[in-house]
2 protein chains.
Amino acid sequence: MGNQKLYKGSLQTIILKLLESNDKMYGYEITQKVKELTKGELNITEGALYPALHKLEADGLLDVEVAKVGNRLRKYYKLTENGTKETANKLLEMQEFLKTMQHLVNPKFSLE
Amino acid sequence: MGNQKLYKGSLQTIILKLLESNDKMYGYEITQKVKELTKGELNITEGALYPALHKLEADGLLDVEVAKVGNRLRKYYKLTENGTKETANKLLEMQEFLKTMQHLVNPKFSLE
DNA sequence: AAATATACATAATTTTCTTATGCATATAAA
DNA sequence: TTTATATGCATAAGAAAATTATGTATATTT
């Protein structure tokens, strides 16, 4: 997890991508899914996740739906129509970025 | 340049990689080289670059050598021995990170 | 002559995290 | 059975790392 700080700026995109694939998720579920998918490489902290979810909701990209499971509450988030569009944009941006960085740091290239 | 904010956290690694490939560079040169290598995708701002160079120097990863060219000064930076080691580490971390993110956002995978 | 490029630097602000803390219920382990 | 861990939300204080705005000065191009 030494590269934890590299993911700065990509949290929103990660959340949106997960919701695009899963339709409907709650916060805790997202943290676990990311941990699982990245084999522990990325750990979304709650202090980052919840404010991010609130912001995405405030920006109109996510809708919330509160559910009660047993005696505990869950907040299910899903993409709005606008959120779906933005997700596509952000995923394209992310792939551009990854390609660019890949090129920059690829050991095959010496950057003269 | 919509993805400009995604590169947060990777500036140090970019600088180190460039210096690994080029032995010796000055600040302005680095900004131009990055712009060129990324076809304008990444623009290192001075407000980010110079503090970063100073920090890398303070941390013992870079050595400085001031040169006077015409009537203007340049500060040439190069990797120290320790800097070379750290560069290798950071490049590995970066590649791990890129692989992880690639996997997370790759459109071929639906993340159930 | 004026605009742009080269070359450094720092301060104020913003963005985006981490770390710490708090509350509460459910389940597993000792 | 009580204690630790897991589930589930949230926010506040602080740190890290950028952006934006300035400032200074020389060199080159228009």
Side-chain angles (χ1 to χ4, degrees), chain A residues 1-16 24-36 40-59 61-62 64-77 90 93-94 97 101, chain B residues 1-16 24-36 40-59 61-62 64-77 90 93-94 97 101:
Chain A
M1 248 114 43
N3 56 17
Q4 190 77 2
K5 69 170 162 313
L6 288 175
Y7 100 116
K8 255 177 199 277
S10 50
L11 177 57
Q12 277 201 7
T13 307
I14 292 171
I15 293 172
L16 292 174
K24 170 175 151 183
M25 296 182 88
Y26 57 100
Y28 186 77
E29 190 184 9
I30 291 175
T31 66
Q32 299 310 301
K33 187 54 89 178
V34 169
K35 202 185 292 181
E36 175 201 329
E41 274 273 324
L42 247 63
N43 277 308
I44 310 287
T45 61
E46 297 155 295
L49 177 70
Y50 291 115
L53 287 172
H54 300 162
K55 187 177 189 318
L56 288 170
E57 188 199 348
D59 291 349
L61 305 188
L62 300 185
V64 194
E65 182 196 327
V66 181
K68 209 166 180 186
V69 176
N71 223 322
R72 218 150 43 185
L73 65 91
R74 284 181 188 168
K75 287 193 170 177
Y76 279 100
Y77 291 90
K90 286 198 187 282
E93 271 178 25
M94 177 60 81
F97 169 73
M101 285 304 300
Chain B
M1 252 113 46
N3 56 16
Q4 190 75 2
K5 69 170 163 313
L6 289 174
Y7 99 117
K8 262 174 196 277
S10 50
L11 177 56
Q12 278 201 8
T13 307
I14 292 172
I15 293 172
L16 292 174
K24 171 176 148 181
M25 297 181 87
Y26 58 99
Y28 187 76
E29 190 185 8
I30 291 175
T31 66
Q32 301 309 300
K33 186 54 89 179
V34 170
K35 203 185 292 185
E36 175 202 329
E41 275 273 324
L42 247 64
N43 277 308
I44 310 286
T45 61
E46 296 155 297
L49 177 69
Y50 292 114
L53 287 171
H54 301 161
K55 186 178 190 316
L56 288 169
E57 188 199 349
D59 291 348
L61 306 188
L62 300 185
V64 193
E65 180 196 328
V66 181
K68 209 167 180 185
V69 176
N71 224 322
R72 216 150 45 185
L73 65 90
R74 284 182 187 168
K75 286 192 169 179
Y76 280 100
Y77 290 91
K90 285 196 187 284
E93 271 180 23
M94 176 61 80
F97 170 73
M101 285 303 301

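Nothing here was measured: the structure is a model prediction, and the numbers come from that model. All chains are named by letter (A, B, ...) in the order of the sequence lines, taking the proteins before the strands, and each is independently numbered beginning at 1.
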Check your understanding: What's the spacing between B:Lys35 NZ and B:Glu41 CD if we round to 0.5 Å?
Key -> 13.5 Å
Review point. Counting just side-chain N and O atoms, does B:Tyr26 come under 4.0 Å of either OP1 or OP2 of C:dA7?
Key: yes
Review point. What nucleic acid atoms does B:Gly47 come within less than 4.0 Å of, heavy atoms only: base, sugar-phosphate, or nothing?
Key: base
Review point. Quick one: is B:Tyr50 getting a side-chain N or O under 4.0 Å of the C:dA9 phosphate, OP1 or OP2?
Key: no
Check your understanding: At under 4.0 Å between heavy atoms, what does A:Glu29 touch on the DNA or RNA strands: base, sugar-phosphate, or nothing?
Key -> nothing
Revision key, fill the gap. Smallest heavy-atom separation, B:Ala52 atom then B:Leu11 atom, equals CB-CD2, 3.9 Å
Point to revise | Whole-Å distance separating the CG atom of A:Leu49 from the P atom of C:dT19 | key: 16 Å
Practice item. Just do the side-chain contact (heavy atoms from CB on, under 4.5 Å) check on A:Leu53 and A:Ile30 with the steps written out, would you? Key: CA-CA 11 Å; A:Leu53 287 172; A:Ile30 291 175; 4.2 Å; yes
Check your understanding: B:Ala48 or B:Gly70: which one's nearest nucleotide on DNA chain D is closer to the 5' end?
Key -> B:Ala48
Check your understanding: Can a salt bridge be assigned to the pair A:Lys33 and A:Glu36 using a cut-off of 4.0 Å between side-chain N and carboxylate O?
Key -> yes
Check your understanding: Going 5' to 3' on DNA chain D, which nucleotide is the first and which the last to come under 4.0 Å of a heavy atom in chain A?
Key -> D:dA6 to D:dA17
Point to revise | Smallest separation among heavy atoms of A:Tyr7 and A:Ile14, with atom names | key: CD1-CD1, 4.0 Å
Check your understanding: Think B:Lys75 has a side-chain N or O under 4.0 angstrom from the OP1 or OP2 of C:dA9?
Key -> yes
Exercise for review: Send over the distance from A:Glu46 CD to C:dC17 C1', rounded to a whole Å.
Suggested key: 14 Å
Point to revise | Residue whose nearest DNA chain D nucleotide is more 5′ - B:Arg72 or A:Arg74 | key: A:Arg74
Exercise for review: Tell me what A:Ser10 touches on the nucleic acid: a base, only sugar-phosphate, or nothing, going by heavy atoms under 4.0 Å.
Suggested key: sugar-phosphate
Check your understanding: Side-chain N or O of B:His54 less than 4.0 angstrom from OP1 or OP2 on C:dT10?
Key -> yes
Exercise for review: Could you tell me whether the phosphate oxygens of C:dC17, OP1 or OP2, come under 4.0 Å of any side-chain nitrogen or oxygen in A:Gln4?
Suggested key: no
Point to revise | A:Tyr7, nearest nucleotide to its side chain (from C:dT18, C:dA9, C:dA7) | key: C:dT18
Practice item. Could you pull out all residues at least two apart from B:Lys8 that satisfy side chain to side chain contact (heavy atoms under 4.5 Å, CB included)? Key: A:Lys8
Review point. So is A:Lys24 actually on top of A:Tyr76's ring, under 6.0 Å and inside 45° of the axis?
Key: yes
